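What follows is a short report on a single structure.
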Amino acid sequence: MKLLYTHPNSIVVAQARSSVELAGIACTIRNEYAAGAIGELAPIDTWPELWVVHEADYESARLAIERAHAEIQEADWQCGRCTRFSPDTFDLCWNCGRERPTK
Ligand SMILES: [Zn+2]
C-alpha cells in the first residue's frame, strides 16, 4: 500500500479513485468518512486519502490522476489570498474561507 493522493473534499478523492480504477489499478480510500459535513473543514490529518494497493502501480496511478486533473482543473478557481484551488462547486476557499472572486 502506498499513499497516492489526498484532498479535503471527499468528492475529489472519489473522482481520483474512479480515474485510477478506470486505468485498471487497484486502490482504496482511507478516512473516507472522517471529514465533517460540507462546509466544515477537516484538519489535514483527516483528509480522505487514496492509497494504491500495489506499490508497483504507483507511477501509472499518479499519471492517471494527473490526466484526470488536467481535465478538471479548468473548473477549479484560485483563491486570491492563499492561492489554493477550490472546486467549482465551492463558493468559499476551502483553505482560508475567502469568498470566490467574481469573474
Ligand atoms: Zn484561500
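Note that the structure is predicted; figures quoted are calculated from it, not measured.
At a threshold of 4.5 Å between non-hydrogen side-chain atoms, the residues Leu3 and Arg30 do not count as touching. The shortest side-chain heavy-atom distance between Pro87 and Asn9 falls under the 4.5 Å cut-off.
In terms of heavy-atom proximity, Lys2 sits nearest to Glu55 at CB-CG, 3.6 Å. Summarising the geometry of Val12 relative to Tyr5, their closest heavy-atom pair is CG1-OH, 3.4 Å, with the distance given to 0.1 Å. Of all non-hydrogen atoms in Thr28 and Met1, the two that sit nearest each other are CG2-CE, 3.3 Å. Listed here is the closest heavy atom pair of Thr6 and Glu49: OG1-CG, 3.9 Å. Listed here is the closest heavy atom pair of Pro48 and Pro8: CD-O, 4.1 Å. Between Ala23 and Ala64, the closest heavy-atom pair is CB-CB, 4.0 Å.
Partners of Asp57 according to the side chain to side chain contact (heavy atoms under 4.5 Å, CB included) rule, which considers only residues two or more places apart in sequence or in another chain, are Ile25, Val52, His54.
Between the side chain of Thr83 and the backbone N or O of Cys79 there is no donor-acceptor pair closer than 3.5 Å. Not a single donor-acceptor pair under 3.5 Å links the side chain of Ser86 to the backbone N or O of Trp77. Using a distance-only test at 3.5 Å, with no hydrogens or angles considered, no donor-acceptor pair links the side chain of Trp94 to the main chain of Arg84.
Ile65 and Trp51 end up in different hydrophobic clusters when Ile, Leu, Val, Met, Phe, Trp and Tyr side chains are linked at under 4.5 Å. Both Ile29 and Tyr58 are members of a single hydrophobic cluster when ILVMFWY side chains are connected at heavy-atom separations under 4.5 Å. Taken together through direct or relayed side-chain contacts under 4.5 Å among Ile, Leu, Val, Met, Phe, Trp and Tyr, Leu50 and Trp47 form parts of separate hydrophobic clusters.
A distance of 10.0 Å separates CD in Glu59 from CG in Leu4, rounded to the nearest 0.5 Å.
Open room surrounds CD on Glu99; 12 or fewer heavy atoms of other groups in view lie less than 6.0 Å from it.
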* From CA spacing to verdict: side-chain contact (heavy atoms from CB on, under 4.5 Å), Cys27, Glu21 -> CA-CA 7 Å; Cys27 59; Glu21 282 176 347; 3.9 Å; yes
| task | Mind running side-chain contact (heavy atoms from CB on, under 4.5 Å) on Phe90 and Arg100 for me, showing each step along the way? | result | CA-CA 8 Å; Phe90 283 32; Arg100 178 182 188 159; over 6 Å; no
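Asp91 and Arg98 are not joined by a salt bridge, as no carboxylate oxygen comes within less than 4.0 angstrom of a charged side-chain nitrogen.
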